[in-house]
Amino acid sequence: MRLFDTHCHFDFDVFSDDFVSHLQLAHEQGVERIMIPSIGPSNWDKLLAMSAEHAGIYTALGMHPYFLSGDSFFCFADLKKQVDAHINHLQAIGECGLDAMVDVDHEIQRQVFNAQIALASDHQLPLILHSRKTHNEVLQLLKKHKFSFGGVLHGFSGSYQQAMQFVELGFYIGVGGVITYPRAQKTRKTVFDLPLENIVLETDAPDMPLMGYQGKPNHPAMLVHILSCLANLREMDEQTIAQITWENANQAFKICE
Ligand SMILES: [Zn+2]
């Protein structure tokens, strides 16, 4: 069984002391590939180094809406330079998008997201999308750019209709620990209804602890629990889901199997 954690902040400080043991644990559980999305200029170099050093670690460069500030738009020129310089060593632009729940000026979020959609288009790269209470606006901006290189809508929660609008634009839906919480009824129902061909798995580690593991940092080996929760929810066997989501993830990031 091979699994792909399509969203893991494996570069965060919480892993710095025991990164190697977490990576080994993930491998033992079948998590062979891990995508580490970027949050901004502070971790671009680290991610490029990590993906160069470890087989099965992939990266995306981008600017996360949560970490933007007044001068972020000026950092965009640096992002462009980094992407040009490392185009053969990255799989996507992101994570990027909009977040209505953070205290960051919405206009700045919009400008920086717009610029990243255009950058991904220019380089024919997929996007790793972050969208919290902003699905309609994110969809609208993607359509305005006629964005056609797909990617992943990460950490999905929402309705079937919303998910399918992203699928129609070529995106896979990132399913994570949310589905382990019975109270997340709407998202569980969506994930039950969505075609498996449109789903990828993610931990969003160290965030998004699974039910029963609150208060502890999440880590990529936990992907097997998300897989088994999804298998239960859909009344399917884990092997089949693992195989299909593995193929989907590789396709989303245009990685050979
Ligand atoms: Zn993230």
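Both counts, for ligands and for their atoms, begin at 1 and track the order of listing.
Note: Phe156 and His135 meet the aromatic proximity criterion, with ring centroids under 6.0 Å apart.
Listed by chain and residue number, Phe10, Leu23, Met50, His54, Ile57 satisfy the side chain to side chain contact (heavy atoms under 4.5 Å, CB included) test with Phe19 (two or more places apart in sequence, or in another chain). Applying the side chain to side chain donor-acceptor pair (under 3.5 Å) rule to Thr245 yields no partners; only residues at least two apart in sequence or on another chain are considered.
The backbone N or O of Ile179 sits less than 3.5 Å from a side-chain atom of Arg188, completing a donor-acceptor pair. Side-chain N or O atoms of Asp204 include none that pairs as donor or acceptor with a backbone N or O of Asp207 at under 3.5 Å.
For the Zn ion (ligand 1), the count of nearby protein N, O or S atoms, meaning those under 2.8 Å away, is 3.
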Acceptor/donor pairs from residues 83-93 side chains to any protein atom, 3.5 angstrom cut, sequence neighbours excluded:
{"from": "Asp84", "atom 1": "OD1", "to": "His123", "atom 2": "NE2", "distance (Å)": "2.8"}
{"from": "His86", "atom 1": "NE2", "to": "Gln82", "atom 2": "OE1", "distance (Å)": "3.3"}

